Undergrad: 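Below are the structure tokens for one structure; questions will follow.
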Amino acid sequence: MKSTYRALLQLLLTAFIWSLTHRFMPDNWLIVKELIWVILLVGMGYAFAPSSKKNNRWVGKTVLSILLLMILGIRFSYLSFPKFEAFLSFWGLEGFFLDLFLIYIGWAFFQV
């Protein structure tokens, strides 16, 4: 399957899973919904990555994992990183663009 069709299929599957989550999951399960959203975004980034040979460089993967955990902490309001939040805000990585950044992290994790 061409990578363009695979990415399109991943996008449609992500949208379908998210619509099922909204339909059948109670509204008071906000943290579970947020976790599913982040998993879907990172999975979408993984789908955009080419299926060629993957490298095993642990430093880049560690940095990306720490970034992902920091963003999760901010989104769930469990952790507060004022300098990191100010950095993200300075570059305009809030709301929708923070979601795009999570897709980038999913893509970059398998590129590094």
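As the structure is a computational prediction, the values presented were derived from the model and not from experiment. Numbers here simply count residues along the sequence, with the first being 1.
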Undergrad: For Gln10, does its backbone N or O pair with a side-chain atom of Thr14 as donor and acceptor, under 3.5 Å?
TA: yes

Undergrad: Show every ring-ring contact (aromatic ring centres under 6.0 Å, His included) that has at least one partner inside residues 8-31, sequence neighbours left out.
TA: Trp18-His22, Trp18-Trp37

Undergrad: For the hydrophobic clusters of this structure (ILVMFWY residues joined by side-chain heavy atoms under 4.5 Å, transitively), does one cluster hold both Phe84 and Phe97?
TA: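 Looking at the clustering, Phe97 is in the same group as Phe84.
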
Undergrad: When hydrophobic residues are tied together by side-chain contacts of less than 4.5 Å, even through go-betweens, does Ile17 share a cluster with Leu20?
TA: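 No, it is not one cluster - the side chains of Ile17 and Leu20 are not joined through contacts under 4.5 Å.
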
Undergrad: Rounded to the nearest 0.5 Å, what's the gap from CG on Leu35 to CD1 on Ile39? Could you check?
TA: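 Leu35 CG to Ile39 CD1: 4.0 Å, rounded to 0.5 Å.
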
Undergrad: Looking at CD of Glu85 and CD1 of Ile74, how far apart are the two atoms once the value is rounded to the nearest 0.5 Å?
TA: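 Answer for the CD-CD1 pair, Glu85 versus Ile74, is 4.0 Å.
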
Undergrad: Say you draw a straight line from CG of Leu79 to CG of Leu69; how long is it, rounded to the nearest 0.5 Å?
TA: 9.0 Å

Undergrad: Using the six-membered ring wherever Trp is involved, compare the ring planes of Phe101 and Tyr104 and label them parallel, tilted or perpendicular (cut-offs 30° and 60°).
TA: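 Judged by the thresholds at 30° and 60°, the geometry between Phe101 and Tyr104 is parallel.
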
Undergrad: Under a 4.5 Å side-chain heavy-atom rule over Ile, Leu, Val, Met, Phe, Trp and Tyr, are Met70 and Val63 clustered together?
TA: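 No: no chain of side-chain contacts under 4.5 Å links Met70 to Val63.
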
Undergrad: Taking all non-hydrogen atoms of both residues into account, name the closest pair between Leu41 and Leu102 and its distance.
TA: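 Smallest heavy-atom distance, with atoms named: CD1-CD1, 4.0 Å.
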
Undergrad: Around atom CG of Asn28, are there more than 12 heavy atoms of other residues, nucleotides or ligands at under 6.0 Å?
TA: yes

Undergrad: Rounded to the nearest 0.5 Å, what's the gap from CD1 on Ile105 to CG on Leu100? Could you check?
TA: 11.5 Å

Undergrad: Measure across Ser89 and Glu94 and return the closest heavy-atom pair with its distance rounded to 0.1 Å.
TA: OG-OE2, 3.0 Å

Undergrad: Once you round to the nearest 0.5 Å, how far does CG of Leu30 lie from OG of Ser77?
TA: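 The distance works out to 9.0 Å.
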
Undergrad: Roughly how far apart are Tyr46 OH and Ile103 CD1, rounded to 0.5 Å?
TA: 16.0 Å

Undergrad: Are Ile36 and Met25 side-chain neighbours, meaning at least one heavy-atom pair lies under 4.5 Å?
TA: yes

Undergrad: Each residue besides Val59 in its hydrophobic cluster should be listed here, by chain and number; the cluster joins Ile, Leu, Val, Met, Phe, Trp and Tyr at side-chain heavy-atom distances under 4.5 Å.
TA: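 Same cluster as Val59: Trp58.
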
Undergrad: State which residues pass side-chain contact (heavy atoms from CB on, under 4.5 Å) with Phe87; sequence neighbours excluded, sorted by chain then number.
TA: Trp91

Undergrad: Could you check whether atom CZ of Phe76 has more than 12 heavy atoms from other residues, nucleotides or ligands sitting under 6.0 Å from it?
TA: yes

